[in-house]
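Here is the structure we will look at.
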Amino acid sequence: MFIITKLYEKKLLYYNLTSLDKILKDLNKISRSEAIERLHGLYSITDLKTTRVKILETLNELHDKTHFEEIENYFISDEDPDVRIEAAKLLAFHYNERKAKAIQPLIWVLENEQKNEIKLTAIRLLVPLAYRSEYRALIIESLKKLLRSNDDNLKIEAAESLGFLKENSATNDLVEMLKSSNKQIRICAIEALSNLTHFPDAAIPNLLDCLGLDSFDVWRFALDALKKKLDENILINRLLSILEDTEINNDNIKVGYLRRGVIKALGELGDKKATNLLLNALKDWYYWVREEAVNALNIIEPKWRTKYRAQLKKKRVK
């Protein structure tokens with residue numbers, strides 16, 4: 001029985017390959033509609049993943065627009081993710097005239113699919129379709145739901161997509177993502193918010209907090225966003241206010257990280273108004289805050305050791 005089964009599988013493999021090869025060779029001899037019909041016929045009997053993928057790739061090249069129900073079924077029911085991805089491309093690229101029907105299978109995947117690679121592909125296929133007015137509301141709502149997903153990869157992909165689409169209605173969820181413990185999610189949220197046509201004031205305190213994370217990447221993205229969205233004088237005054245307000249309890253490690261990040265930002269901005277508070281920071285509880293204060297002073301006032309010698313002596317700073 002085992003031998004018979006193996007022989008059958010070999011014959012089926014040979015039939016699938018030769019049938020597909022024949023169809024591909026005959027593309028110039030037969031009409032497009034006949035080639036499409038033959039490919040769908042072969043798809044219905046093949047067990048080979050590679051053959052199914054190649055059939056769908058060919059249907060995409062042939063711009064198949066006449067088998068929505070069949071392709072929808074391939075997309076939803078096929079067990080192989082690579083096959084479903086190719087079916088998804090067909091639906092996204094060649095069934096726009098079916099209006100919302102063309103995107104319903106993609107949205108179904110976002111809500112029901114178990115494999116992340118399929119969900120991520122569905123998101124990427126939905127984004128360009130969101131530029132069509134008849135699709136946008138439905139797609140945006142699905143992407144916003146993913147911002148509250150427990151899966152970080154999906155949240156990141158959805159946030160990037162909403163930023164790319166400049167979707168202001170996602171503001172509150174993106175601001176909430178700035179509080180995430182995942183540094184990559186914070187960076188993604190910062191980028192997405194920066195792409196919106198209306199930057200929310202509610203994001204500013206969270207971006208300032210991001211300066212205090214022990215991550216240079218988060219610090220860099222947060223400061224760049226603040227520089228882009230706030231007048232420089234306003235930003236400097238906000239930073240100085242934080243530095244002044246945290247002088248008393250600078251022995252708290254979280255406060256220490258925030259002070260270091262703020263001092264680094266002030267050094268980059270290079271405003272001399274920061275000098276006195278930076279001199280005070282030379283007596284900070286943490287050595288790494290003191291080192292950052294030195295770096296900032298070297299940028300803002302290279303001769304600070306000479307110019308403020310008396311003040312440093314009074315503060316007992318060597």
Side-chain angles (χ1 to χ4, degrees), residues 168 171-172 174-180 183 186-187 189-312 314-315 317:
N168 291 322
T171 295
N172 291 339
L174 291 171
V175 169
E176 192 63 27
M177 286 172 64
L178 291 174
K179 305 172 187 176
S180 172
K183 294 173 184 177
R186 288 198 189 216
I187 290 173
I190 293 169
E191 289 187 295
L193 285 164
S194 297
N195 286 331
L196 300 184
T197 55
H198 173 69
F199 192 83
D201 291 338
I204 302 300
N206 291 289
L207 288 174
L208 291 169
D209 286 342
C210 284
L211 296 177
L213 291 184
D214 190 21
S215 165
F216 174 76
D217 290 336
V218 175
W219 179 89
R220 180 76 271 164
F221 277 93
L223 182 59
D224 285 348
L226 288 164
K227 287 164 66 176
K228 182 179 176 182
K229 299 300 178 180
L230 289 180
D231 174 81
E232 186 170 296
N233 284 328
I234 293 174
L235 174 56
I236 288 170
N237 288 335
R238 293 289 291 267
L239 294 172
L240 291 175
S241 179
I242 292 172
L243 208 54
E244 188 172 16
D245 291 344
T246 55
E247 278 187 330
I248 296 174
N249 59 338
N250 64 34
D251 58 339
N252 179 294
I253 192 163
K254 184 176 179 180
V255 171
Y257 281 128
L258 178 60
R259 286 173 62 78
R260 181 179 67 174
V262 166
I263 289 169
K264 186 176 181 67
L266 287 167
E268 181 169 310
L269 292 166
D271 194 295
K272 292 183 182 294
K273 286 189 296 185
T275 302
N276 285 333
L277 286 172
L278 292 175
L279 291 172
N280 291 345
L282 295 174
K283 294 288 288 183
D284 197 274
W285 180 269
Y286 294 103
Y287 75 89
W288 29 268
V289 176
R290 299 195 296 270
E291 287 178 352
E292 200 61 62
V294 170
N295 293 336
L297 285 165
N298 286 338
I299 296 170
I300 294 171
E301 184 61 78
K303 296 182 179 180
W304 63 274
R305 292 182 187 275
T306 302
K307 187 173 182 179
Y308 298 103
R309 181 179 292 133
Q311 194 171 335
L312 291 169
K314 187 175 181 181
K315 294 177 182 291
V317 175

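Sequence positions, counted from 1, serve as the residue numbers for this chain. Not measured: the values here are computed from a predicted model.
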Can you find a heavy atom in the side chain of [X] that is under 4.5 Å from one in the side chain of [Y]?
X: Leu211; Y: Ile242; answer: no
X: Leu240; Y: Asp271; answer: no
X: Leu239; Y: Leu226; answer: no

Closest non-hydrogen atom pair, [X] against [Y]:
X: Val175; Y: Ala202; result: CG1-O, 3.9 Å
X: Glu292; Y: Arg260; result: CG-O, 3.6 Å
X: Leu207; Y: Ala225; result: CD1-CB, 4.1 Å

inquiry  = Run the salt bridge (Lys or Arg N to Asp or Glu O under 4.0 Å) test against Lys228 and tell me which residues pass, sequence neighbours left out.
reply    =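 Salt bridge (Lys or Arg N to Asp or Glu O under 4.0 Å) check on Lys228 returns nothing, list empty.
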Test salt bridge (Lys or Arg N to Asp or Glu O under 4.0 Å) applied to Glu268 - qualifying residues, sequence neighbours left out =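 Only Arg220, Lys227 meet the salt bridge (Lys or Arg N to Asp or Glu O under 4.0 Å) criterion with Glu268.
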request  = Tell me, with the steps shown, if Lys183 and Asp217 meet side-chain contact (heavy atoms from CB on, under 4.5 Å).
outcome  = CA-CA 8 Å; Lys183 294 173 184 177; Asp217 290 336; over 6 Å; no
Between the side chain of [X] and the main-chain N/O of [Y], is any donor-acceptor distance below 3.5 Å?
X: Asn252; Y: Val255; result: yes
X: Thr275; Y: Lys272; result: yes
X: Trp285; Y: Gly256; result: no
X: Ser194; Y: Ile190; result: yes

Spatial distance of atom [atom1] ([X]) from atom [atom2] ([Y]) [nearest 0.5 Å]:
X: His198; Y: Lys229; atom1: NE2; atom2: NZ; value: 10.0 Å
X: Leu243; Y: Asn280; atom1: CG; atom2: CG; value: 8.5 Å
X: Leu269; Y: Leu235; atom1: CG; atom2: CG; value: 5.5 Å
X: Cys210; Y: Phe221; atom1: SG; atom2: CZ; value: 12.0 Å
X: Leu278; Y: Ile300; atom1: CG; atom2: CD1; value: 5.0 Å
X: Ile253; Y: Tyr286; atom1: CD1; atom2: OH; value: 4.5 Å

request  = Begin with the C-alpha distance, continue with both residues' side-chain angles, and end with the deciding distance and a verdict on side-chain contact (heavy atoms from CB on, under 4.5 Å) for Leu223 and Lys264.
outcome  = CA-CA 10 Å; Leu223 182 59; Lys264 186 176 181 67; over 6 Å; no
query = Does the side-chain contact (heavy atoms from CB on, under 4.5 Å) test come out yes or no for Leu193 and Leu178, once each step is laid out?
reply = CA-CA 10 Å; Leu193 285 164; Leu178 291 174; 3.7 Å; yes
message = Filter on ring-ring contact (aromatic ring centres under 6.0 Å, His included), then keep only pairs touching residues 222-247, sequence neighbours left out; what's left?
response =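 Every candidate ring-ring contact (aromatic ring centres under 6.0 Å, His included) pair involving residues 222-247 fails, so no pair, neighbours aside, qualifies.
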ask   = Under the ring-ring contact (aromatic ring centres under 6.0 Å, His included) rule, what pairs show up with a residue in residues 246-275, not counting sequence neighbours?
value =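 ring-ring contact (aromatic ring centres under 6.0 Å, His included) check on residues 246-275 returns Tyr257-Trp288.
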ask   = Mind checking what makes side-chain contact (heavy atoms from CB on, under 4.5 Å) contact with Ala281, not counting sequence neighbours?
value =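 Arg259, Ile263, Ala293.
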Residue Asp231 excluded, over 12 heavy atoms near CG under 6.0 Å =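 Counting other residues, nucleotides and ligands, CG of Asp231 exceeds 12 neighbours.
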message = Show every salt bridge (Lys or Arg N to Asp or Glu O under 4.0 Å) that has at least one partner inside residues 244-256, sequence neighbours left out.
response =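 Sorted result for residues 244-256: empty, none.
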